[in-house]
Amino acid sequence: TERIALLMQDIVCRTPRLSFIDLSEVLVFARFGRSEAEGAFATCHCLTLPESEPGYFFWRDRDTGELTRRSEWFVTKSPVVRIGETSVKYLISFVLPRFCDQTLERSRKADLYPGAPGWIAKLDTVVHELYHIDPAESGIRRFVRADGNDSMRSHGPLFYEHVADMVKAYLASKPDPSLYEF
């Protein structure tokens, strides 16, 4: 995670769309995830969301849609995390060894990087998680739908293309290869 944090610092310095990020407010850590499992290679969590009003929260069975539990006074609340005197605003976790095992082959990213080496998938994942950080510090970056309303999805229609553009621009800036050596 130290190597990933150093890479993130270089990416933020060389990528104008991410230059607003203060990495002293981002905690990077690893968590276990089996290589053969499906799911995310990394995740970004925001710790600056306001406490919600009390409300109902429902849990539904994924297969049947049947309501399995309900809480009448559920309140969402972000934990307070500090490193020394610095408040952490975002947590970015990398799933190991899954993150290390990923390649472009048979991934949805492959079309964005024709002919690129497989390790680009890892660099894409790092930039992808940084791109989730909202410049307005209002949570995870939101996307606007064609009708002008906020999308509830964290990946808008152009999200993956924007990430690929930033990855290519970062590499074009000629960073030290030892920083992104996977």
Q: What residues, two or more places apart in sequence or in another chain, satisfy side-chain contact (heavy atoms from CB on, under 4.5 Å) together with V95?
A: R31, R98
Q: What pairs of residues pass the salt bridge (Lys or Arg N to Asp or Glu O under 4.0 Å) test when at least one of them lies in residues 166-182, not counting sequence neighbours?
A: none
Q: Would you please name every residue forming a ring pair (Phe, Tyr, Trp, His ring centres under 6.0 Å) with Y113, sequence neighbours left out?
A: none
Q: Can you tell me how far apart CE (M8) and CZ (R3) are? Round to the nearest 0.5 Å.
A: 14.0 Å
Q: Centroid-to-centroid, F94 to F41, below 6.0 Å?
A: no
Q: Before you tell me yes or no, could you show the steps for T86 and E25 under side-chain hydrogen bond (donor to acceptor under 3.5 Å, both in side chains), namely the whole-Å CA-CA distance, both residues' side-chain angles and the distance that decides it to 0.1 Å?
A: CA-CA 7 Å; T86 304; E25 300 172 335; over 6 Å; no
Q: Go through the side-chain N and O atoms of H162 and Y131 and say whether any donor and acceptor fall under 3.5 Å apart.
A: yes
Q: Using a 4.5 Å cut-off on heavy atoms from C-beta on, say whether the side chain of L171 contacts that of Y180.
A: yes
Q: With rounding to the nearest 0.5 Å, note down the distance linking OG in S107 to CD1 in I120.
A: 11.5 Å
Q: Identify, with sequence neighbours excluded, every residue that meets side-chain contact (heavy atoms from CB on, under 4.5 Å) alongside L96.
A: A30, F99, C100
Q: Do H128 and F159 have side chains that get closer than 4.5 Å, going by heavy atoms?
A: yes
Q: Measure across A164 and L112 and return the closest heavy-atom pair with its distance rounded to 0.1 Å.
A: CB-CB, 3.9 Å
Q: Side chain to side chain donor-acceptor pair (under 3.5 Å) with S24: which residues, sequence neighbours excluded?
A: D22
Q: Can you tell me how far CG of L23 sits from CD of Q9, rounded to the nearest 0.5 angstrom?
A: 5.0 Å
Q: Return the minimal non-hydrogen interatomic distance between P97 and G33, and the atom names on each side.
A: CD-O, 3.0 Å
Q: Output all residues satisfying side-chain contact (heavy atoms from CB on, under 4.5 Å) with T15, sequence neighbours left out; order by chain, then residue number.
A: I11, L18, M166, Y170
Q: Side-chain heavy atoms under 4.5 Å apart, restricted to Ile/Leu/Val/Met/Phe/Trp/Tyr: what other residues fall into the cluster of F32, or is it alone?
A: none
Q: If the condition is salt bridge (charged side-chain N to carboxylate O under 4.0 Å, His left out), which residues does D10 pass it with, not counting sequence neighbours?
A: R14
Q: How many angstroms lie between OG1 in T1 and CD1 in I92, if you round to the nearest 0.5 Å?
A: 12.0 Å
Q: Just to verify, what does K109 make a salt bridge (charged side-chain N to carboxylate O under 4.0 Å, His left out) with, not counting sequence neighbours?
A: D124
Q: Kindly give the cluster partners of F29, where membership spreads through any ILVMFWY side chain lying under 4.5 Å from a current member.
A: L27, L47, V81, I83, V88, L91
Q: Is it the case that the side chains of T125 and Q102 hold a donor-acceptor pair, with the cut-off being a distance below 3.5 Å and no angle test?
A: yes
Q: Do the non-hydrogen side-chain atoms of I4 and E2 ever get within less than 4.5 Å of each other?
A: no
Q: Considering non-hydrogen atoms only, spot the tightest contact between C44 and E129 and give its length.
A: N-OE1, 3.1 Å
Q: For R34, give me all partners under salt bridge (charged side-chain N to carboxylate O under 4.0 Å, His left out), at least two apart in sequence or on another chain.
A: E36
Q: Partners of R108 by side-chain contact (heavy atoms from CB on, under 4.5 Å), sequence neighbours excluded?
A: Y160
